[in-house]
Amino acid sequence: MTLTSVTRWDEFMEGIWRQNPLFVMVLGLCPALAVTVSAVNALSMGLATTFVLTCSCVLVSLLRKLIPKEVRIATYIVIIATFVTVVDYLIQAVSLALYDALGAFIQLIVVNCIILGRAEAHASKNPLLPTLINALGMSAGFTIGLFALGSVREILGAGTFFGIPLFGPDFQPWVVMVLPPGGFFVLGAWLLIFAAIARRKQRKLAEATQNA
Amino acid sequence: MTSAAIPPQTTSAVAMIRTLGLIAALCGLIIVSAYQGTYDAVQENKRIAVERAVFKVIPTAKSIVEYAAAPIGTIVKVGAGGTAPNAVPEGAVKFYAGYDASGKLSGIAAEGVAKGYSDNVRILYAYDPATAMISGFGVVAMRETPGIGDKILVDKGFLASFPLQASLSADGAILSREIVTVKHGSKANPWEIDAITGATITSRAVGRAINDSAKRLLPRIVPRISELKEQP
Amino acid sequence: MGGRPIMSIEIRSAPHIKGTRTVEQIMRHVVWSLLPVCAFFVFQYGLSALLSLLVVTVSCLLTERFFVRQGGQSGDIGDFSAIITGLLLALSLPPGFPLWMGAVAGIVAIALGKALFGGIGFNVFNPALIGRAFVQAAFPQAIATYTPSFMPGRFYEFIPSSMTLPLMQPVSVVEWLKDRQFDALAGATPLAKWKFEGVLANADDLLTSLSGHMAVGPSPILILLCGAYLAFRRFLDWRIPAAILGSAGLTAWMLFALNDVRFPNPFFMLFSGGLILGAVYMATDMATSPVTPKGMWVYGALIGLLTVIIRYYSGLPEGVMYAILLANAATPLIEKITQPTPFGKGVLSNIGRQKKGASYPLHSGYISREDASAETPKKRFLPNKPKHPPKE
Amino acid sequence: MKLLSYFRGEAFQRGVHPPSCKLTASTRIRRLPFAPKVTVPLSQHIGKTPRPIVRVGQEVLRGEPIARSDEWLSVPHHAPVTGVVEFIGLRPGVRGPWVESIVIRAHPGASQEDLWGRPRDLDAATRGDILQAIWDTGMVGLGGAAFPTHAKLTVPKQAKVHTLVVNGCECEPYLTCDHRVMVEQADDLITGIRYAMRATGAVRSIVGIEDNKPDAAVAIRAAISRCGKVPEGEIYAELVPTKYPQGSEKMLVMALFGVEIPAGDLPVSLGMVVNNVGTLAALGKLLPAGRGLTERVVTVTGPGVAKPGDYIVPLGTPLRFVLDYAGAPGAVARQIILGGPMMGQAAASLDVPITKGMSGVLVMRGDELAWRENQKTYPCIKCAECVESCPMGLNPSQLGMLAAKREYDLMGSDYHLGECFECGCCSYVCPSNIPLVQQFRIAKQILREKALSK
Amino acid sequence: MHESAAQIFINAFLANNFVLAMFLGLCPFIGVSGKLETAVPMGAASTFVMLVASLCAFGINILLDHLGLEFLRLIAYIVIIASTVQLVEMVLKKYSPGLFRALGIYLPLITTNCAVLGVALFQTAREYDFVQSITFAVGAGAGFTLALVLMASVRERLQLSDVPAVAQGTALSLMLAGILSLAFMGFAGLGG
Ligand SMILES: Cc1cc2nc3c(=O)[nH]c(=O)nc-3n(C[C@H](O)[C@H](O)[C@H](O)COP(=O)(O)O)c2cc1C
Ligand SMILES: Cc1cc2nc3c(=O)[nH]c(=O)nc-3n(C[C@H](O)[C@H](O)[C@H](O)COP(=O)(O)O)c2cc1C
Ligand SMILES: Cc1cc2nc3c(=O)[nH]c(=O)nc-3n(C[C@H](O)[C@H](O)[C@H](O)COP(=O)(O)O)c2cc1C
Ligand SMILES: Cc1cc2nc3c(=O)[nH]c(=O)nc-3n(C[C@H](O)[C@H](O)[C@H](O)CO)c2cc1C
Ligand code: SF4
Ligand code: SF4
Ligand code: SF4
Ligand code: SF4
Ligand code: FES
C-alpha cells in the first residue's frame, strides 16, 4: 500500500474527527468519565492511553504474520496488558500524586474497547506505517475528547484550568461538574452540540440541493 | 475474547505454542524490564510520599522510622533493619516516629480512617508525647466532595481546633476524654473539634478517625515511649 | 325535497361528547391551590422569598418558551405547567438561596427535566426536582444555608445571600445573623438539627411552622389543606400521598419502637423537612407517577421507605427529593408490573368460569325482595344486586 | 379495590357519568308519518345478507316479506310501507359506502295498515316453533348491535340457560326510546319476555333498569301483576345505579349478579341471555300477530332539534324526512349522530335510511362543537383518568402512546387491545383531548387485516 | 477500619454504585440498556462474571504474593478471568443448557469489561478478605443490575415519547445516566 502524504493526513484526521472514539464511536467511556475531573488528569490519561494504544498496535502489526488467528484476541490482550503494566509503573515512577488521581483507571486501560478494537480491526491487517498513523490518530482523538471533557469540568467545577484560578476567589464553583453526574452531563452536552451542528449542516445541504 | 480457549484447528499445535511462547517471553521481558527500570524510582517516590506526609504533620522531624505496636505491648521496628513488613505480628498498629536533626523524638504519626461523606477518609495525625496532644493531621486519601469535604485541609476554624488533648486515664488503658467533633461554633473543651459548616460529615470523620486510632495506639506506646526517645 | 341548500355535516369519531376537564384546567387549579402556600412562605421569609418565587418561576417560563419556540418540545407556556414547576422549585429551595442560582435551577428544571424528553407529559423525572437536585449537587453549601423564619424586618430587607452577584459565592449569613442576635445554629433546619445535634423540634411547631424562628418550609397543615382540596376535586390522586405518608410513618414508627433513642418519633418524620410538600405536590406529578392504581400504592410506598432510609442512614439530612427521583426512575417498571387486570380476566371471572355450563340454582334471597307494587326506593339505599353469586 | 367497589354499592368498576340530557324522557311516543319513499338496505344486521324476493315494479303490502335468506345467521325483511318497488340496487349506506337496497315508493292513498299479519296461537308452541316464529319476524337486537334475535335465543346444545336478562339500562345520554317503551309498552314487554323465556328455557327473567328511570320499573311491576299469568318471582324489575356503560351486557351482568363474564365468552356461558327491552317489547307485539318488523322507536333529539321526541319510525325512512318532521333546520345542524353520543356513528349524508339497529338520531349544532374544536390536544400527561374510567380494566394511556408510535402488535399482545369494546369512556375523560377510541379502532382494524393476510 | 459485609454490599450496590458513581461498565450500560428483557439477564450474567473474577483475583493474589511476582498481576487477572469465564461457559453449555441459553449470549460480551476487572482491582486495592471480596462482587453486580434495569425501563418508556431528534441516541442515554447518578447521590454516605 502506498500512501501519499494527503491520505496519510486524512487517515490521521479520521481518528480525530470522523471516527472520534469518544464522541462518535462512544467507546472507552469509563476512563473518559472517571478521570476527567481536571484537565491534567484528562491529558495524562490521554497520554497513557496513547502510549498503550500505539505500542500495542505497533507490536501487533509487527507480529501480525506470526500470530495464529485462533488465539489472536488472547494474544492481543496479553500484549495490551503488558504495555498497561509498563505505563502503570512509569506513572508511579513519575508522580505518585498523579497515580493516585487516576487510580485504578490506568490498569483499566486494558479493557478499553478502543485498543482491542484497533488491534483487531486495523493493526492485525496493516503494515507498520499505516498502523502507526491510525493508532496515533485514534489516540489523538481520544486525548482531545478527554481534554474537552476535563477542561470543561475543571473550569466549571473548580474555577481553575490546569490548577490556575481563572475567576478570582469569589467564584462559585459548580461542584456537580466534578461529581459523577457532571461527567455524564458534560459528555452528553458535547454530544448534543455535535448532533445539533450535524443537523444544521444536513439542513443546509438539503436546502442547497433543493435550490439547485 | 471468544477464541481464547478454543482449541486450534488450522495452525499446528507446535507452531502455535512456539509463537505464543515467543510472544509471552517478549511480553515478560518488557514487563520485567519496566518493573526493574522503575523499581527504584517508585520505591523512592513512595518513601518520599510517606516522608512528606509525616514531615508535614511533624514539622520538626528530619527523618522517620516505621514501627508496629503489638497488642501484648512490644514495639517492633519495621522495614530496613527491623521486621519485614509482612512479618508484623497479628493485630499490631503501625505508626511512624519522627526524629529531629539531632536524632531526638519529635513526634509520633499514625494513620486513622473513618467513613466520610462519600467514602473512607484516611488521615495521618501527629501525636506529641511531650504534651500528650494531637498536634495536627494530614490527609492520606479521601474522595470527599471538592470544595466542601476537602475544606478540612484549609478551613482556619477547623484547623484551629488543634492541638487536641489526648491524655490517658489514670490507669493508662483508655483516653481520659474521647475526641469528638462538635457543631461549628460550639467547641468548648480541648478535646473537641470544631466542625466546618456545610462539611459536618467530613469533620466528624476526621474526629472519629483520630479517636479510633488513638484509642488503640496510645495506651500501647505511651508507657514505652522511652524506648522510642532516640533514633535507632 | 331537492330544492334545499345542501347542509354541510361533519363526520367525526365517537364519542361525540367530551368531559369538561382539560390540561389547562388541571394545571390552573394546582397553581391556585399553591398560592396560599406561597403566600405563607412569603409571610415567613419576606422579600427574599417573594423574589425567589418570582425569579425561579420566570426563569422556568422563559426556558419553556425558548424550547417551545425552538420546536424541541410539545405543549406551550399557556398550559401553566411551567408555573407549577417554578413555584414548587422555589418552595423547595431555602428562602435566601442566591437568586442567580435559583434561575439556574429553573433553567435546568425545564431544559434537562422537560424539554430533553419532548415536553409536557413525556418527562420521566419531576422537572422541579431535577432542577433542585442539580443545584443541590452544584451548590451544596448554598442550598444547606437556611435562615430563621419570621425575622424582624423581613419585609424591608433581603437575606444577604439572596442578592449574590451571578456566578459568585454567596456572602455568609453568619454575620448577618449575629447582628440580629441569632447564633449559628438558628439557621439549621429541624432535620439538620436532629441529624447533627440530636435536637428534636416540637410537634405542633412543625405542623404549623408558626412559632419561633425555626428555619422551616411552608406549614405542612396548609399544604395538606390545599392538597385535600385538589384531591377532593380529583386534580391529584389521593392514593400517592396516602401511600407515602403511610409507608414513611410506618417505617419510622417501627424504627422508633425498636430504638427510641436513636430514632425520632414518626410524627417528626412526617412533618419535618419537605416530606409533606413532596408527598402532596411533587410525588403526585402526573407525568412522572404511575397511571395504574396498584402502581400508585407501590410508588408511594417506595418513596416513603426511601425517604426514611436516606434521612436516617445516609449522609444527608433530607431525602424526599432523592426518594421521589428514584421512584420516578422506577415508575415505568412499576407500571409494567402493575397493569390493571382486564374485565373478565381476573379472579371474579374465574368464579364465573367455574360455573361455566352449570346453571345457577335459584335462591329465594338471590334477588332483592322488593314488592312489585312498592314505591321505587331512593337510589342510595337500593339493594340493587346480590353481594355474591349463589353457592352451589 | 374490587371489594371496595362492592361495598360502595357500585354496579361495576370504573365507567363515567356523562350528563344525561334525556330531553324526551317524559314525552309520549309519537308516530312519524310515512315518507313518500323508503329505502330498505339488505344488510342491516350482523350476519349474512338476505336476497330480495321482489321485482322492480312489484306492488308490496306493508309487512310483506321482501327479502329472505335461508342462511341461519340472517333475517328476512318486510316492506315497511304499502307501495311499489321502485328500485333495487346501490343506495347510500349508513356507514358511508353505498349498499344494496330496495327502494319502495309509498302509495299516497294507502291506509298503511299492517295487512300481512298471520295471527297465531303460540301458547302451545314448542321451543322450535317459537324460534321459527321469531325468525320470521325479521327481528334483530334493537339495542344497537343488530344481532339476529332468533340466533341469540337459540341455546347451544351443551349449554343451559336459566336467566333471561332484559337490558333496560339505556345508559347513553339523550336516548329515551327504551325508557318510553318500558313505560308505555310494558304489557308487550312482559309478553315478549315470556316468549323469550320459553324459547331459551330460562326460568326467570330480570329487567335491569338504571335508577334514573324509576317510573319504568314501576310500570313493569304493574304490568307483571296486571298480566296475571306470571308466577310469583319469575320476572323482576331491578334498578341498577346509573352509570355509563351500564347497558353493555357485561356490565349489566356484573351489576346484577356480581360476576364477570370471562373474557372472550358470551353470557350464555354463565347461563344467561341478554336482550334489549325494545327487542322484547317488539317481539311481544309482533309474535302473536304474526307480523314482521316494519318499524321501530327512535329517539330524535339533540340541541339542534325543535321537536325532540321518541317516534315510531317506519324502517327505511330517509334521515332527511325524519329531521324535517322533527324540525332540525340544516343551517344549525353541524353533526348528525346515529345512535347515542358515546358510541353512535356520525351520519355520512342525509339520504341514509333508518335501520333496525338505529336507536337514536342526535343533532348537534355548531356551538356545541365549537368549544371542543378549540380545545388543544396535548401529549398524554398520564393523569390516569382513562385508566380509572375504562370499564374493561384496560390501560388506555399506554395503549394510546403505543398507537401513536404504531406499535400495534404490542397493543394486541401485551395490553389487551382485543378486550376494548369501544365504549368511549377513555376519550370522554381525557384532558389531553387524545382521540383514544379512534386510535384503538384503527389499531384493531390493522391487526385484523394483518391476521387476515397471514 | 474493618468494613462489615453489609457495609461493603450497600456501598457497592447503592452508595458508590459501580456504574453511576464509580464509572465502571459504562459501555454495556449505555449499549445494552435499551430493552428491559435483556437488562435482567445481562445484569445476572455480569454479576456472575464478577463473582468469578473476584474468586480468581483472590486466588491469583495469594499465588503471586507467594511467588513475589506482583508485577504480573494485571496480565494474570485478565487472562485467568477470561479463560475461567470461557470454561464456565462451556461447563454451563454442557450441564445446564437452559441457564446457558439465558446467560450464554451475554457472557462473551462481558468477560472482560471494566466492571469485571474493576472488581478484581478494587478488592485488591482495598485488601478485602475472602468474604469481603465475595460480598463486594455481589454488591457490585447487584448495583450494575439495578442501574441497568432502571435505565432500561426508563428508556423503554422514552421510546413512546417525542424526544427531540437532536437528543436521541447516546446523548439522551448519557443525560439519563446523569440524572440517575444525581438521584443516586441521595445514597451517599449510606452504610457508614
Ligand atoms: C453534592 C453534595 C456534596 C456534599 N459533600 C459533602 C462533603 O464532601 N463533606 C461533607 O461533610 N458533607 C457533604 N455534603 C453534605 C451537606 O453539605 C450536609 O448537609 C452537611 O455536611 C451538613 O453540615 P451542616 O450541618 O453544617 O449543614 C454534601 C452534600 C451534597 C449535596
Ligand atoms: C423535595 C424537597 C426536598 C428538600 N430537600 C431539602 C434538603 O435536602 N435539605 C434541606 O435542608 N431542606 C430541604 N427541603 C426544604 C424543606 O421544604 C424545608 O423547608 C427545609 O428542609 C426546612 O425544614 P426542616 O427540617 O423541617 O428540614 C426540601 C424540600 C422539598 C420539597
Ligand atoms: C359500551 C356498550 C354499551 C351498551 N349499552 C347498552 C344499553 O344501554 N342498552 C342496551 O340495550 N344494550 C346496550 N349495549 C349492547 C348490549 O351489550 C347487548 O348487546 C344488548 O343489550 C343485547 O340486546 P339486543 O340483542 O336485544 O340488542 C351496549 C354495548 C356496549 C358495548
Ligand atoms: C398534582 C400535580 C402536581 C405537579 N407537581 C409538579 C412537580 O412537582 N414538579 C413539576 O415540575 N411539575 C409539576 N406539575 C406540573 C406538570 O405536571 C409537570 O410540569 C409535568 O411533569 C410536565 O410534563 C404538577 C402537576 C400536577 C397536576
Ligand atoms: S345507549 Fe347505547 S348502549 Fe346504552 S342503552 Fe342505549 S343503545 Fe344500549
Ligand atoms: S374505549 Fe376501550 S379502552 Fe376506552 S374505555 Fe372503553 S373499553 Fe376502555
Ligand atoms: S369494534 Fe371490535 S369489539 Fe366492537 S365490534 Fe367491532 S370488532 Fe367487536
Ligand atoms: S386520560 Fe388522556 S391524558 Fe390522561 S392518562 Fe389517559 S390518555 Fe393520558
Ligand atoms: S470503557 Fe468501561 S466498559 Fe468500556
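Quick note on labels: first sequence line is chain A, next is B, and so on, each numbered from 1.
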> Could you walk me through whether C/N126 and C/T288 pass the side-chain hydrogen bond (donor to acceptor under 3.5 Å, both in side chains) check?
Replying inline: CA-CA 6 Å; C/N126 188 323; C/T288 58; 4.8 Å; no

>> To check you understand the geometry: which heavy-atom pair defines the closest contact between C/S247 and C/A301, and what is its length?
In response: OG-O, 2.8 Å

>> Which label fits C/F139 and C/W100: parallel for a plane angle under 30°, tilted from 30 to 60°, or perpendicular past 60°?
In response: perpendicular

> For the residue pair C/G102 and C/L93, what are the closest heavy atoms and their distance?
Replying inline: CA-CD1, 4.4 Å

>> Quick one: does any side-chain atom of C/T307 pair with a main-chain N or O of C/A323 as donor and acceptor, under 3.5 Å?
In response: no

> Considering only heavy atoms, which portion of E/E156 lies under 4.5 Å from any heavy atom of chain C: side chain, backbone, both, or neither?
Replying inline: side chain

>> Under 4.5 Å from any heavy atom of chain C, what part of E/L158 do you find: side chain, backbone, both or neither?
In response: side chain

> In residues 327-339 of chain C, which residues are in contact with chain E at a heavy-atom separation under 4.5 Å?
Replying inline: C/A329, C/A330, C/P332, C/L333, C/E335, C/K336

> Is it the side chain or the backbone of E/L150 that comes within 4.5 Å of chain C heavy atoms, both, or neither?
Replying inline: both

> Does C/Y312 have its ring centroid less than 6.0 Å away from the ring centroid of C/F263?
Replying inline: yes

>> Can you confirm if the aromatic rings of E/F144 and E/F29 lie within a centre distance of less than 6.0 Å?
In response: no

>> Quick check on E/L14 against chain C: is it the side chain, the backbone, both or neither that has a heavy atom closer than 4.5 Å?
In response: neither

>> Quick check on C/I309 against chain E: is it the side chain, the backbone, both or neither that has a heavy atom closer than 4.5 Å?
In response: both

